[in-house]
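What follows is one structure encoded as structure tokens, with my remarks underneath.
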Amino acid sequence: GVSVGITGTRQMYQKLAREILMMGGRAVDFAYSTVESIKNDEFELFLEHLACNNVKNLGQSTWIAFTSGNAVEEFFKQVKEKQIDHRRFGELLFATIGEGTARKLKAYGYMTDFIPDCHTGEGFAREFVELLKEGDRVYLPRGKKGSSKLKDYLESYRIEVFDMAIYDLSLDQYKMEHSLECINEVQYLTFASGSAVDSLMKMLENPKEELKDKQLVVIGEPTGKALEEWGIKDFLIAKDCDAKWMCEKIIENRENKWKD
């Protein structure tokens with residue numbers, strides 16, 4: 001079967017590996033990124049309001065918008081650390097960029113109130129802003145290196161956005177060295193973020209040459225642009241921010257190669 005190297009975090013590896021095994025492939029662990037909590041003043045203030053059951057002071061309608069599963073996990077991890085009663089979230093609304101992020105949210109006991117039809121950052125922003133009205137507030141928990149496009153787009157429509165960088169991705173040097181040793185074993189290499197792209201490319205002497213025999217697969221246009229900045233133009237883009245769609249892209253590519 002097909003051999004797929006999965007870059008990024010341990011959570012991404014576990015999620016995508018299950019899908020690859022189900023399609024009869026082999027998953028190779030390239031999970032060289034780890035999630036680390038970081039302190040954010042906006043988030044601390046947000047949690048203080050929740051702890052005091054002062055949700056109405058957060059805004060007319062208060063949305064929490066998640067653009068990744070990592071953001072969901074880190075959000076609720078820090079909520080637990082602060083011992084916030086989950087019933088405090090009863091009056092809040094949740095938005096998620098795709099089905100995968102919505103499932104992650106559901107695992108914590110909450111249903112999403114909005115998923116865009118177009119599961120990209122740009123599509124999320126364009127559709128989400130149509131739901132919002134004057135006086136609404138949007139809280140945006142995200143990674144430190146995450147894109148600010150959603151925030152910028154909403155603010156261009158005079159929506160009040162609280163940008164909360166609550167985690168960062170750091171490089172596990174040992175795992176990276178292991179990944180480089182295994183790189184010749186894989187036919188496909190997956191990336192779910194620009195930081196995952198940059199971390200690997202910085203470790204290669206000539207990324208374009210060394211990866212020319214690999215089919216690269218990315219989630220989202222920003223991740224694709226990160227590859228392009230390294231001079232790599234040939235890659236596949238999954239239509240949804242979800243492991244399932246990334247696997248479907250690999251299957252589709254394999255079937256096309258068999259036809260050829």
Side-chain angles (χ1 to χ4, degrees), residues 1-36 68-70 73 98-101 103-104 143 145 167-220 222-258 260:
V2 63
S3 182
V4 182
I6 306 169
T7 73
T9 64
R10 170 60 44 187
Q11 293 92 331
M12 173 53 67
Y13 172 76
Q14 292 172 341
K15 183 165 59 173
L16 189 49
R18 284 194 296 268
E19 297 289 340
I20 290 169
L21 291 172
M22 287 174 62
M23 74 179 197
R26 173 174 170 252
V28 181
D29 185 355
F30 279 55
Y32 45 69
S33 298
T34 58
V35 179
E36 294 186 348
S68 72
N70 283 336
E73 289 191 345
E99 297 290 346
T101 309
R103 284 195 295 272
K104 185 71 69 175
K145 299 182 182 72
Y167 72 92
D168 198 7
L169 296 178
S170 62
L171 182 66
D172 183 324
Q173 194 64 39
Y174 173 79
K175 285 294 299 180
M176 174 58 80
E177 291 173 3
H178 172 73
S179 298
L180 294 175
E181 291 173 1
C182 298
I183 203 162
N184 290 327
E185 298 178 17
V186 302
Q187 299 155 284
Y188 289 80
L189 202 53
T190 69
F191 299 94
S193 69
S195 61
V197 170
D198 292 339
S199 294
L200 181 61
M201 300 303 156
K202 288 174 183 176
M203 299 298 292
L204 300 174
E205 291 185 15
N206 188 340
K208 189 174 180 179
E209 179 65 24
E210 293 176 63
L211 298 177
K212 67 179 182 180
D213 296 327
K214 316 293 179 192
Q215 179 63 68
L216 308 185
V217 189
V218 305
I219 289 179
T223 311
K225 288 179 181 177
L227 278 178
E228 290 175 346
E229 289 175 2
W230 287 94
I232 298 173
K233 310 293 184 184
D234 182 20
F235 53 86
L236 306 175
I237 300 182
K239 72 176 185 177
D240 193 355
C241 297
D242 189 274
K244 175 185 174 183
W245 293 108
M246 186 173 269
C247 281
E248 291 205 0
K249 203 70 181 176
I250 292 172
I251 293 171
E252 178 185 318
N253 180 257
R254 292 289 289 173
E255 290 175 347
N256 289 337
K257 285 184 177 181
W258 290 333
D260 295 340

Roughly how far, to the nearest 0.5 Å, is [atom2] of [Y] from [atom1] of [X]?
X	Y	atom1	atom2	result
M22	R18	CE	CZ	9.5 Å
I232	L211	CD1	CG	5.0 Å
S179	Y174	OG	OH	10.5 Å
E228	D234	CD	CG	11.0 Å
N70	T101	CG	OG1	9.5 Å
L216	I237	CG	CD1	11.5 Å

_Pairs flagged by side-chain hydrogen bond (donor to acceptor under 3.5 Å, both in side chains) wherever residues 208-217 is involved - sequence neighbours left out_ = E209-K212
Which heavy atom of [X] sits nearest a heavy atom of [Y], and at what distance?
X	Y	value
A27	A17	CB-CB, 3.7 Å
I6	T190	CA-OG1, 3.4 Å
K175	Y32	CB-CA, 3.8 Å
K249	L236	CG-CB, 3.8 Å
G5	V186	N-CG1, 3.6 Å

*Please report the C-alpha distance between L169 and V35 in whole Å, then the side-chain angles of each, then the deciding distance to 0.1 Å, and finally whether the side chain to side chain contact (heavy atoms under 4.5 Å, CB included) criterion is met.*
CA-CA 5 Å; L169 296 178; V35 179; 3.6 Å; yes
Is the shortest side-chain heavy-atom distance between [X] and [Y] below 4.5 Å?
X	Y	value
I183	F30	yes
V217	L189	no
I250	M23	yes
E19	M246	no

_D29 and its side chain to side chain donor-acceptor pair (under 3.5 Å) partner, picked from R10, H178, Q14_ = R10
*Can any side-chain N or O of S33 pair as donor or acceptor with the backbone N or O of L171 at less than 3.5 Å?*
no
_Among residues at least two apart in sequence or on other chains, which ones pass salt bridge (charged side-chain N to carboxylate O under 4.0 Å, His left out) with K225?_
none
Side chain to side chain donor-acceptor pair (under 3.5 Å) against [X], all qualifying residues, sequence neighbours excluded:
X	value
E73	Q11, K104
Y13	none
S3	R26

Identify all side-chain donor-acceptor contacts of residues 197-204 below 3.5 Å with residues at least two apart in sequence or on another chain.
{"from": "D198", "atom 1": "OD1", "to": "W230", "atom 2": "NE1", "distance (Å)": "2.9"}
{"from": "S199", "atom 1": "OG", "to": "S195", "atom 2": "O", "distance (Å)": "2.9"}

